[in-house]
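If you're wondering where the values come from, they're calculated on a predicted model, not measured in any experiment.
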Amino acid sequence: MDATRSYWLVKSEPSKYSFGDLVLDGRTIWDGVRNAQAAIYLRAMRLGDEVLYYHSREDLSVVGTAIVTRESFTDPSDATGRFVAVELSPGESLNQPVSLRAMKENPALADMIMFRQFRLSVTPVTAEEWRVILAMSNSEV
DNA sequence: GCCAACGTTGGC
DNA sequence: GCCAACGTTGGC
């Protein structure tokens with residue numbers, strides 16, 4: 001953990017783009033986000049920020065981590081120019097996935113923004129939440 | 001597959 | 001500029 005760094009959580013449906021796909025690709029442009037609040041978070045991402053990779057709809061678990069390897073730029077897939085993308089590269093695969101259920105049951109995670117705005121595909125994570133989730137996964141990061 | 005949540009669009 | 005209709009997301 002590094003105090004100069006911010007932490008985030010991104011959601012992806014594994015049938016569309018899974019953590020395994022990111023590992024195979026080595027890096028990916030995180031584009032297609034069309035929500036104003038999520039775009040604010042994307043703009044706040046800095047090089048080296050760390051990201052929890054969550055599988056929505058199917059696994060309902062955090063399965064790995066990723067690193068911001070390019071800061072926000074105009075989303076090439078957005079004709080209006082209003083939205084931005086970042087580049088993510090794979091970090092670590094978690095030893096054990098951390099399920100949504102387990103996160104909801106952990107009082108230390110009760111204030112996570114992903115619970116309050118469940119449809120946001122990009123949300124901030126506090127350093128403490130990051131530490132707790134990584135501990136739950138039995139991973140050393 | 002259903003549907004609640006909620007952001008966006010467009011007619012007025 | 002309101003708000004009903006519509007579309008999308010994602011937990012269940």
Rounded to whole angstrom units, what separation is found between the [atom1] atom of [X] and the [atom2] atom of [N]?
{"X": "Glu58(A)", "N": "dG1(B)", "atom1": "CD", "atom2": "C1'", "result": "13 Å"}
{"X": "Lys104(A)", "N": "dG11(C)", "atom1": "NZ", "atom2": "P", "result": "8 Å"}
{"X": "Ile113(A)", "N": "dG10(C)", "atom1": "CD1", "atom2": "C1'", "result": "18 Å"}
{"X": "Leu120(A)", "N": "dG11(C)", "atom1": "CG", "atom2": "P", "result": "12 Å"}
{"X": "Arg34(A)", "N": "dT9(B)", "atom1": "CZ", "atom2": "C1'", "result": "16 Å"}
{"X": "Asn35(A)", "N": "dT9(C)", "atom1": "CG", "atom2": "C1'", "result": "10 Å"}

Checklist entry - Does Arg82(A) pair with Asp75(A) as a salt bridge, N-O distance under 4.0 Å? => result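 No, no charged N to carboxylate O under 4.0 Å.
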With 3.5 Å as the limit, what N/O pairs link the protein to nucleotides 3-8 of chain C?
{"unit_1": "dT8(C)", "atom_1": "O2", "unit_2": "Arg119(A)", "atom_2": "NH1", "d": "3.2"}

Checklist entry - Mapping Arg82(A) and Arg116(A) onto DNA chain B by nearest heavy atom, which one lands closer to the 5' end? => result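 Closest to the 5' end, via its nearest nucleotide, is Arg116(A).
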Item to check | DNA chain B: 5'-proximal contact among Ala36(A) and Arg57(A) (nearest heavy atom) | outcome: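 Its nearest nucleotide being more 5', the pick is Arg57(A).
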Checklist entry - For the residue pair Trp30(A) and Phe73(A), is the inter-centroid distance of their aromatic rings smaller than 6.0 Å? => result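 So the answer is no for these two rings.
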Checklist entry - Under the side-chain hydrogen bond (donor to acceptor under 3.5 Å, both in side chains) criterion, do Thr123(A) and Gln117(A) qualify, and how do the steps go? => result CA-CA 9 Å; Thr123(A) 55; Gln117(A) 286 191 279; over 6 Å; no
Next on the checklist: Base, sugar-phosphate or nothing for Lys16(A)? Non-hydrogen atoms, less than 4.0 Å.
Outcome noted: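 The residue Lys16(A) makes no contact with any strand.
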Checklist entry - How would you label the contact of Tyr54(A) with the nucleic acid (heavy atoms, under 4.0 Å): base, sugar-phosphate, or nothing? => result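 Since only primed, P, OP1 and OP2 atoms lie under 4.0 Å of Tyr54(A), the category is sugar-phosphate.
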Checklist entry - Are there more than 12 heavy atoms of other residues, nucleotides or ligands under 6.0 Å from atom CZ of Arg27(A)? => result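 No, because the 6.0 Å sphere around CZ of Arg27(A) holds 12 heavy atoms or fewer from other groups.
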Next on the checklist: Side-chain heavy atoms nearer than 4.5 Å, only ILVMFWY residues, links allowed to pass through others: does that put Tyr41(A) and Met112(A) together?
Outcome noted: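 Cluster IDs for Tyr41(A) and Met112(A) differ.
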Checklist entry - Is a side-chain N or O of Ser61(A) found less than 3.5 angstrom from the main chain of Asp59(A), in a donor-acceptor match? => result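 At least one qualifying donor-acceptor pair exists.
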